[in-house]
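All remarks here apply to the structure that follows.
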Amino acid sequence: MPASTLTAMTTPLSLSAADARRIALRAQGFLGAPDRPGGVRGVLRHLGAVQLDTISVLARSHELIPYARLGAVGRDAVEAAYWTDNHAFEYWSHAACILPIEEWPHFAFRRRARRARGYRWHELADAERSCAAVLDRLRADGPLTSTELGGAKNGGPWWDWSETKIAVEWLLDTGEVVCTRRRSWKRVYDLAERAVPGALLHDDLDDAECWRRLVAQAGAAMGVATRADLADYHRLKGQQVDAVIADSGLVPVQVEGWAKPAWADPAALAAPPRGRHRTTLLSPFDSLIWDRPRTERVFGFTHRLEAYVPKPKRIHGYFAMPLLFGGNLIGRVDPARDGRTLIARQVSLDGPKAVDPMATALIEAATWVGCTDVRVERVMQDDLRDPLLGALKRSHDLR
């Protein structure tokens, strides 16, 4: 149905819960593999944001995102795709995220808000002097980490930042400095005037235009979404979504079982979602599932990151990764690595139907990170342990 017709409809289109789930999967790159021709950069452009996190089990989360959609793309190739040729930058979106460089102008509203606030959670003793010193060093010496700029900490706890670290993060917040990559997990800072292409280096867009673009982009990346979903994707406020939703290009829909109104990307409604489903393990920070209430609503699957939960209180493990198969979440595994062995410390399976997909996903993930074996320590469903071990052996023998 043409987008113009959809926009003009007075009665919202009704979607079944299954249709909404398939639309969401296709929009996120898990049904029909729409981003495969564009590779890692295509994934980043379509998702609009790839979340970063310090935890590294199989790999870091920003590496797991393209892997989950594209398969075993080389990890060095992932990093190169993100960071070479001024293709991306790191900034505050859903959290600290890698963002396509063309989105730089659309975060002007956030940079303005940071400037207006006048400080971050650390305050500078001599802001003018400290910021000028950082800018002078970057201008003279090129991209540098906070350590290379003079040190990130004062010697105390991790939050006891040095004046230099506070200054460079303030400059990052307000747009004079850009994070152009991570090196040994440290941000590498450069001058915005050098790192951002000239045509994009401006804060000319007013707040409403920024919000409109980010709401539209979030809608396209999710396919179908509620107001809360749209706000959460780039961490906008509900009022900011309300101010622009009517002009965002998204169209209202009703989804079976959803208590709140929803909006859909017209392109997502133009053709039924068809294609091959991806079988894979998901990072807890994957944009398909990073919004826990949405994950429950779309998939009927409750998932929580337990890395910061005391070990005795964990249910599924430190970094439990959900298993996606056939468009559903049907299990999870808490992985680890020991040399060239991938360890499934704890596995949870949603019945016998999850056994073979879990084995397939574990073997693929192990191969991707250079492991030659998979060891299962615990299966929460005792009667499925032997079937899983058998499936792993069969999969291993077929490699």
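Here, residue 1 is the first one in the sequence, and each next residue gets the next number.
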R110 to W92, cation-pi by 6.0 Å centre distance and 45° axis angle: no

Any chance you could lay out the salt bridge (charged side-chain N to carboxylate O under 4.0 Å, His left out) test for D382 and R385, step after step, and finish with the verdict? CA-CA 6 Å; D382 290 340; R385 179 179 176 82; over 6 Å; no

Establish, yes or no, whether the cationic atom of R114 lies under 6.0 Å from the six-membered ring centre of W170 and within 45° of the ring axis. no

Any donor-acceptor pair under 3.5 Å linking the side-chain atoms of S283 with those of D286? no

Sub-3.5 Å donor-acceptor pair from the side chain of Q346 to the main-chain atoms of I315, do we have one? yes

Tell me whether V369 shares a hydrophobic cluster with I343, the cluster being built from Ile, Leu, Val, Met, Phe, Trp, Tyr side chains joined at under 4.5 Å. no

Checking Y67 side chain against A59 main chain: does a donor-acceptor pair fall under 3.5 Å? no

So, for V255 and A17, which heavy atoms are closest and what is the spacing to 0.1 Å? CG1-CA, 4.3 Å

The side chain to side chain contact (heavy atoms under 4.5 Å, CB included) partner of V50 among L64, V78, L44 is L44

Is the shortest side-chain heavy-atom distance between R227 and I245 below 4.5 Å? no

Answer yes if the side chains of D338 and T341 hold a donor-acceptor pair under 3.5 Å, and no otherwise. no

If I compare all heavy atoms of P105 with all of L200, which pair ends up nearest, and what's the gap? CG-O, 3.6 Å

Close side-chain approach of R182 to E90, heavy-atom, < 4.5 Å: yes

Does D265 come within less than 4.0 Å of R26, counting only side-chain N to carboxylate O? no

Test log, rule salt bridge (charged side-chain N to carboxylate O under 4.0 Å, His left out), inputs R112 and D206: CA-CA 10 Å; R112 282 192 288 265; D206 65 25; over 6 Å; no

Please determine if R314 forms a cation-pi arrangement with Y308, meaning its NZ or CZ atom is less than 6.0 Å from the six-membered ring centre and no more than 45° off the ring axis. no

Could you tell me whether E63 and R75 have a side-chain N and a carboxylate O separated by less than 4.0 Å? yes

For the side chain of D334 and the backbone of F319, is there at least one donor-acceptor N/O pair under 3.5 Å apart? yes

Quick one, R297 with D229, criterion salt bridge (charged side-chain N to carboxylate O under 4.0 Å, His left out). Give me CA distance, side-chain angles, the key distance, then yes/no. CA-CA 11 Å; R297 185 182 346 110; D229 298 340; 2.9 Å; yes

In one Ile/Leu/Val/Met/Phe/Trp/Tyr side-chain cluster, 4.5 Å: I166, V177: no

Less than 4.0 angstrom from a charged side-chain N to a carboxylate O is my criterion; do D173 and R111 meet it? no

Is there a side-chain contact between C179 and L172 in this structure, where contact means two heavy atoms from C-beta onward sitting under 4.5 Å apart? yes

For L47 and A221, the nearest pair of non-hydrogen atoms, with its separation, is O-CB, 3.7 Å

Could you check whether any side-chain heavy atom of Y233 comes within less than 4.5 Å of a side-chain heavy atom of Q217, counting everything from C-beta outward? yes

Decide yes or no for W185 and L52: does some side-chain heavy atom of the first lie under 4.5 Å from some side-chain heavy atom of the second? yes

Charged N-O contact under 4.0 Å between E377 and R375: yes

Find out whether L388 and L392 are in side-chain contact, i.e. whether some heavy atom of one side chain is under 4.5 Å from a heavy atom of the other. yes

Do Y91 and L138 sit in one hydrophobic cluster, given that two such residues count as connected whenever their side-chain heavy atoms are within less than 4.5 Å of each other, even indirectly? no

Does a side-chain heavy-atom distance below 4.5 Å link E256 with L15? no

Does the distance from a Lys or Arg side-chain N to an Asp or Glu carboxylate O, for R212 and D207, drop under 4.0 Å? no

Lys/Arg-Asp/Glu bridge criterion (N-O < 4.0 Å) met for R187, E169: yes

Suppose we screen for salt bridge (charged side-chain N to carboxylate O under 4.0 Å, His left out). Which residues come up paired with R45, at least two apart in sequence or across chains? none

Any side-chain heavy-atom pair of S61 and Q51 under 4.5 Å: no

So, H303 and T295: side-chain donor and acceptor under 3.5 Å apart, yes or no? no

